[in-house]
Amino acid sequence: MSYRTCTCGALRATHLDSRPILCGWVDSRRDHGGVIFVDLRDSEGVTQIVFRPEENHALAKLAHSLRSEDVIRISGRVARRLSGTENTRLATGEIEVVGSTLEILNRAEVLPFPLNSEISNEDLRLSHRYLDLRRPSMVRNLRLRHRLQQTTRAYMDEQGFLEVETPILGKSTPEGAREFLVPSRTYPGHFYALAQSPQQYKQLLMAGGIEKYFQIAKCFRDEDPRADRLMELTQVDIEASFFKSEDIFVLIEGLIGRIFQDTLGLRIPTQFPRLTYQEAMERFGSDKPDTRFEVELIGIGEIFRSTEFKVFRGALDNGGCVKAINAKGFAHITTGQIEELTQIARQYGAKGLAFIKVENGEWKSPIVKFFTAEEKKALTARLNIEEGDLILFGADKWAIVCEVLGRIRVRVAELLKLVTDATRLDFLWVVDFPLLAFSEEAGKWGAVHHPFTRPKTEDLPLLDAGKFDQVRAEAYDLVLNGVEIGGGSIRIHEQELQARIFETLGIGPEKQSLLFGHLLRAFQFGTPPHGGIALGVDRLMMLLCGTANIRDVIAFPKSSRGQDLLFFSPSEVEAHQLRELSIQLTRKS
RNA sequence: GGAGCCUUAGCUCAAUUGGUUAGAGCGCUGCCCUGUCACGGCAGAGGUUGCGGGUUCGAGCCCCGUAGGCUCCGCCA
């Protein structure tokens, strides 16, 4: 005989007088001294069980001993609830099961935290994750994640893509994120690296003629976690041959549309707007702009072309720029808030944050005394300055000004609660990223996306001319509400061009063949033009679930310091394990 | 590698300027209660104030260190 005949979400008035067997957890027990109600919960729902002492005294006595989260098995008869006692909040609320047998499968101790309220003590949740997963919001999130993954597989299959698994144990190629190293037992002193992305494998699949590949891939990066990023991540990884950027956009717009339809039942635009990286930085001060609110960055260098104000003068003379944002109606900003914004400005490289408060027809500002009447007039027109406005300035190198004002723009929007429609979804593509960026720290050029990214064909002459900062890449990011949820590029498929890029990145011929010989060799045997993208499943899930905490969308996440509080990993290992791996510890903590 | 905030009962939190026996709500335990649905009522138990040290007549509160949680910068091709 099976454990149960139906789930706790199944019974309706149409089942009256049937004799079901149910299993589940005691969600709550209401003991009236006489009659006892038990809300029985399983993964499918909740059903009220009623035990009546006048029908079975011993049974009621046993039911009296039930406690929250005990696991039980009951049999009984489906009855219509007494008139007026139906529970409209339950799908099964029209009926109840009058218990005739009760079997206690496993008793539960008092839980370390309640399941019916949101709690903040995250280490407790993580150390008892199996209990936390019983909470309705976690159940919902995991179900949404399942739906996202099923929908992705169905859609990609329909589009003719082949799901191919690639190795987790890969080769260390110390470009990009720090890798997790895995010692080899059979090759002492040699190491695998956990895949930080299936990037090279998927390109080799293209060389292998697969043409259309996708995978829901686990990736590992040994970098410090953040609220929206852990060391382990899941990507929808996609690569296709004979695809241009345009083909990727269409494919992904379709996929994202299906995902939002199937998970939240939402229809979203079939095409997403596009913004170049240059324009995104100029107007929003971010390569992942949140376009749900205005407050754009406005260049005002022209107005102050011949200013005497030292701060602006210095920035302009050093080839920098002056920009401002108008935080409409924020003249009432407090001293503390100004201080906070100034901290942000400093954090991102500005020396300070100049501002003007427009109150009672007056410009209240420590800097306005340096402005001429003409400059004030031009500024008023350019920024549409009105009573009650707060103007915030940035004057420095272009990149710093954009970044600083971009960050301040986002904070101002939070403070002013400019996003009024919580359901709004602003998708956009950011395109034409720079190919290369100079790293002051490393003293050399690095790839903005990754070293396999294709330069835009029309910018190849700039590459030849050594104007590396001007070369744009055939690369794109997908942004939703100011969050980067994916990124990709068209790749290099020619051995010669790839070698040249490696050279530019400071990877000489010897190192090239050592680290990337497999790829360069493949390119010599007819690798087709190809490109792809990777979508961050965890980030996308956060947006779908409306949470700011990435742990809410992962069944067994690590803590913010990378520890697993349930298993307590990482952990020490026994000496013989280390001996087998030819590893000797230099430091014991 | 750096910075900030937090840690008091099982949980969420309070505790005036450093001053009596560290409180509340929920939960828990027992009793009462026959139509509730976060049932209700009465009573009770429950504390190494994360840990270690220091200052002080006196420390939950101040100082130093340490562990853990969260967040941010760097980092994340």
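Here is the naming used below: chain letters follow the sequence lines, and residue numbers restart at 1 for every chain.
- The local environment of CD in A:Glu496 is sparse, with at most 12 non-hydrogen atoms from other residues, nucleotides or ligands closer than 6.0 Å.
- For A:Tyr213 and A:Gln215, the side-chain atoms include at least one donor-acceptor pair closer than 3.5 Å.
- Of the two residues near RNA chain B, A:Gln196 and A:Gln347, the one whose nearest nucleotide lies more 5' is A:Gln347.
- For the OP1/OP2 pair of B:C39 and a distance below 4.0 Å, the side-chain nitrogens and oxygens of A:Arg30 include at least one atom meeting the criterion.
- Taking atom CG of A:Asn87 as the reference point, atom C1' of B:U36 lies 10 Å away to the nearest angstrom.
- Atom CG in A:Leu115 sits about 13 Å away from atom P in B:U12, given to the nearest Å.
- Phosphate contact (OP1/OP2 of B:C75, side-chain N/O of A:Arg229, threshold under 4.0 Å): absent.
- Nucleotide B:G46 has no partner under the Watson-Crick or G-U criteria, as no pair reaches both atom distances under 3.5 Å.
- Using cut-offs of 30° and 60° for the angle between ring planes, the A:Phe516 and A:Phe452 rings count as perpendicular.
- In this entry the distance linking CD of A:Glu69 with P of B:G27 reads 15 Å, nearest Å.
- Across the strands present, B:G40 finds its partner in B:C32; the criterion is a Watson-Crick or G-U wobble pair with both atom distances under 3.5 angstrom.
- Both A:Gln199 and A:Ala227 lie close to RNA chain B; mapped to their nearest nucleotides by heavy-atom distance, the more 5′-ward contact belongs to A:Ala227.
- Using the Watson-Crick or G-U wobble rule with both distances under 3.5 Å, B:U7 pairs with B:A67.
- When the P atom is compared between B:G53 and B:G60, the two are found 14 Å apart, to the nearest whole Å.
- Atom C1' of nucleotide B:G2 and atom CD of A:Gln343 are separated by 15 Å, given to the nearest angstrom.
- Neither OP1 nor OP2 of B:C70 sits under 4.0 Å from any side-chain N or O of A:Asn549.
- Between A:Phe37 and B:U36, a base-stacking contact is recorded: ring centres under 5.5 Å apart, planes less than 30° from parallel.
- Checking the phosphate oxygens (OP1, OP2) of B:C70, no side-chain nitrogen or oxygen of A:Arg226 falls inside 4.0 Å.
- In this structure, NE2 of A:His57 is placed 13 Å from C1' of B:U34, rounded to the nearest angstrom.
- If you take CG of A:Asp123 and P of B:G10, they are 15 Å apart, rounded to a whole angstrom.
- With hydrogens and angles left out, the side-chain atoms of A:Gln343 and A:Gln347 include no donor and acceptor closer than 3.5 Å.
- In this structure, B:G74 forms no base pair with any nucleotide, since neither Watson-Crick nor G-U wobble geometry is met with both distances under 3.5 Å.
- Nucleotides B:A15 and B:A22 place their C1' atoms 7 Å apart, quoted to the nearest Å.
- Distance check on atom P: B:G44 versus B:G23 gives 15 Å, rounded to whole Å.
- B:A43 and B:C26 have their P atoms separated by 13 Å, given to the nearest Å.
- Following rounding to the nearest Å, A:Lys288 (NZ) and B:C76 (P) show an atom-to-atom distance of 13 Å.
- In summary, of the residues considered (A:Lys202, A:Gln203, A:His493), a side-chain hydrogen bond (donor to acceptor under 3.5 Å, both in side chains) with A:His530 occurs for A:Gln203 alone.
- Nucleotide B:G58 forms no Watson-Crick or G-U wobble pair with any nucleotide shown, as no partner meets the under 3.5 Å limit on both distances.
- B:U29 and B:G46 are spaced 10 Å apart, taking the C1' atom of each and rounding to whole Å.
- In this structure, A:Arg521 places its CZ atom where only 12 or fewer heavy-atom neighbours from other residues, nucleotides or ligands lie under 6.0 Å away.
- Going from atom CD of A:Glu403 over to atom C1' of B:G74 covers 12 Å, rounded to whole Å.
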